[in-house]
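Right, one structure below, let's go through it.
Only this structure's heavy atoms are used, side chains among them; waters, hydrogens and symmetry mates stay out. Residue numbers start from 1 in every chain, and the chains themselves are labelled A, B, ... in the order their sequence lines are given, proteins ahead of strands.
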Amino acid sequence: MPAATNPAVAKAALAPPDPGVLLAWYDRHQRRLPWRAPPGARQDPYRVFLSEIMLQQTTVVTVAPYYEAFLRRWPSVEALARAPLAEVLSAWAGLGYYARARNLHACAKAVAERHGGQFPADETALLALPGIGPYTAAAIASIAFERRAAPVDGNWERVLARLFAVSDPLPKARPKLRALALTLLPQARYGDFAQAMMDLGATICTPRKPACVLCPWQSPCSARAEGAPERYPVKAAKVARPTRQGVAFLAVRADGAVLVRSRAPKGLLGGMSEVPSTPWEPNGVAHPGAHAPLQATWTALNATVTHVFSHFALELQLWRADVPAGAPAPDGHRWVTAHDVDAEAFPSVMRKVLAHAQPFFIDPE
DNA sequence: TATCCGTGGGC
DNA sequence: TGCCCAAGGAT
């Protein structure tokens with residue numbers, strides 16, 4: 001076996017990575033992002049908080065317009081704390097993982113009420129707030145308050161797994177990766193270092209086809225020395241994604257209004273607006289009509305809405321009924337016109353459904 | 001520890 | 001097209 005492909009030999013031959021080298025790279029190549037203060041400027045903890053919550057499992061490109069809209073509408077944590085939850089959910093609609101929006105609001109209220117409107121700087125105190133886990137606590141502590149902390153996200157994990165050729169599969173390797181992260185921290189500039197790791201992972205040490213030739217840490221990287229950096233991080237096998245089926249009921253009033261309701265406050269799409277439907281079951285439901293929200297002549301549309309959630313795929317058949325103007329909304333339901341659709345919190349799957357409710361108009365894009 | 005929890009883009 | 005991936009947290 002050639003020495004370059006022998007992990008033990010490769011690791012033994014390399015010098016440890018120098019955090020100062022990464023910081024120097026960051027000074028030249030850092031990305032300009034909407035939530036990132038100019039070099040040398042102090043970060044607003046609220047902006048760091050808002051961006052970090054939005055960026056959980058969500059790409060920079062997707063987050064950017066939502067971040068700008070939230071910051072414009074609620075410029076401070078106290079403004080956000082005063083907002084009704086329904087408005088926050090409506091503004092969050094389309095971004096996904098809606099528990100984040102509920103916790104964002106709960107956290108803003110906690111900061112306003114328990115901390116006088118000032119985010120705590122301490123990682124442990126941050127961790128006690130709703131929606132703030134180990135990653136986000138470390139991110140706010142380091143980026144907003146320059147505390148010594150390692151916000152180990154997917155970028156950090158990938159970079160660390162390659163630097164040290166960690167062959168244990170994720171997520172089991174997390175404790176080991178975190179320990180390696182702590183050994184790598186510089187003596188200062190903790191916020192810059194955190195963001196440098198993220199930038200490196202996002203632009204150089206990418207999941208596929210990493211640009212090792214441009215990497216400031218190419219010489220100490222064990223995975224590169226082995227010759228196949230994309231082999232890391234190793235991941236556990238994924239579970240299959242099942243399918244569920246249901247029927248959605250489009251009750252359309254003569255003026256174009258559509259009957260909707262709000263989902264239960266927690267769980268899947270918790271607190272969001274929806275078109276009434278049967279439960280979503282692996283084999284659909286036996287008698288969909290029994291779940292119709294009102295008595296009417298229901299007609300099956302020749303349309304199926306498909307949508308993929310994180311842990312199942314959904315197929316929704318559409319039934320439609322034309323309802324007279326002035327028909328009352330059943331308990332727990334309400335009529336929504338095109339005029340006030342923007343105030344509703346329709347998740348993406350429901351925008352797809354509503355696109356079939358002519359002449360009610362909504363753009364599923 | 002494992003599962004639940006969205007969405008859109010890239011290949 | 002199907003799969004992978006993205007600045008995770010709560011339970």
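- Taking atom P in both C:dA7 and B:dC5, the straight-line distance is 23 Å, to the nearest Å.
- Non-hydrogen atoms lying under 4.0 Å from DNA chain B are contributed by A:Q57, A:T58, all within residues 46-65 of chain A.
- A:F309 and A:H311 have their aromatic ring centers separated by at least 6.0 angstrom.
- Phosphate contact (OP1/OP2 of C:dC5, side-chain N/O of A:K238, threshold under 4.0 Å): present.
- The aromatic ring centres of A:W92 and A:Y66 sit 6.0 Å or more apart.
- Residue contacts shown for A:W92 are absent, as no nucleic acid heavy atom lies under 4.0 Å away.
- Taking the side chain of A:N103 as heavy atoms from C-beta on, and the options C:dA7, C:dA10, B:dG6, the nearest nucleotide is C:dA10.
- Using a 4.0 Å heavy-atom distance criterion, A:L104 is classed as making no nucleic acid contact.
- As rounded to whole Å, 15 Å separates atom P of C:dC4 from atom CZ of A:R158.
- No side-chain donor-acceptor contact under 3.5 Å links A:S273 to the backbone of A:E344.
- B:dG8 atom P lies 13 Å from atom OH of A:Y97, rounded to whole Å.
- Among the protein residues, A:G270 comes within range of no part of the nucleic acid, since none of its heavy atoms lies under 4.0 Å from any strand.
- Of the candidate nucleotides C:dG9, B:dG6, C:dA6, C:dG9 has the atom nearest to the side chain of A:T136.
- Applying the 5.5 angstrom centroid cut-off and the 30 degree plane-angle cut-off, the aromatic ring of A:Y135 is not stacked upon the base of C:dG8.
- Comparing A:F312 and A:R208, the nucleotide of DNA chain B nearest to each residue sits closer to the 5' end for A:F312.
- Summarising the geometry, the separation between CZ on A:R32 and P on C:dA7 is reported as 20 Å, rounded to the nearest angstrom.
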Inset, instruction - Go through A:Q56 and A:Y135 one step at a time and tell me if the side-chain hydrogen bond (donor to acceptor under 3.5 Å, both in side chains) criterion holds. - result: CA-CA 9 Å; A:Q56 289 168 8; A:Y135 163 77; over 6 Å; no
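- Rounded to whole Å, the distance from CZ on A:F309 to P on B:dC5 is 10 Å.
- Toward the 5′ end of DNA chain B lies the nearest nucleotide of A:V239, the other residue of the pair A:V239 and A:H307 mapping further downstream.
- Contacts of A:R31 with the nucleic acid, taken as non-hydrogen atoms under 4.0 Å apart, include base atoms.
- Take the nearest nucleotide of DNA chain C for A:Q195 and for A:G131: the residue whose nucleotide is more 5' is A:Q195.
- When side chains are defined from C-beta on, A:R73 counts as touching A:E87, because their heavy atoms get closer than 4.5 Å.
- Atom CD of A:E157 is separated from atom P of C:dC5 by 12 Å (rounded to the nearest Å).
- Between A:W156 and A:F193, the distance separating the two ring centers is shorter than 6.0 angstrom.
- For the pair A:K266 and A:R36, nearest-nucleotide mapping onto DNA chain C gives the more 5' position to A:R36.
- Of the candidate nucleotides B:dT7, C:dC5, C:dA7, C:dC5 has the atom nearest to the side chain of A:K235.
- Contact check, A:H311 against B:dC4: no side-chain N or O comes under 4.0 Å of OP1 or OP2.
- Among the protein residues, A:K172 comes within range of no part of the nucleic acid, since none of its heavy atoms lies under 4.0 Å from any strand.
- In this structure, A:D122 CG and A:L127 CG are separated by 9.5 Å, a value rounded to the nearest 0.5 Å.
- Spacing between B:dG6 and C:dT11 at atom P, rounded to whole Å, works out to 14 Å.
- Put simply, CH2 on A:W156 is 16 Å from P on C:dA6, counting in whole angstrom units.
- When the C1' atom is used for both C:dG8 and B:dT1, the distance is 16 Å, rounded to whole Å.
- The OG1 atom of A:T136 sits 4.5 Å away from the CD1 atom of A:I53 when rounded to the nearest 0.5 Å.
- Residue A:P171 is out of contact with every strand shown, counting any heavy-atom pair closer than 4.0 Å.
- Using a 4.0 Å heavy-atom distance criterion, A:V308 is classed as a base contact.
- Closest of all the heavy-atom pairs between A:L182 and A:R148 is O-NH2, 3.7 Å.
- Closest to the A:L269 side chain, of the nucleotides C:dG8, B:dG8, B:dG6, is B:dG6.
- Put simply, CG on A:L314 is 16 Å from C1' on B:dC4, counting in whole angstrom units.
- Within 4.0 Å of A:P151, counting heavy atoms only, lies no atom of the nucleic acid at all.
- Between the CE atom of A:M198 and the C1' atom of C:dA6 there is a distance of 13 Å, rounded to whole Å.
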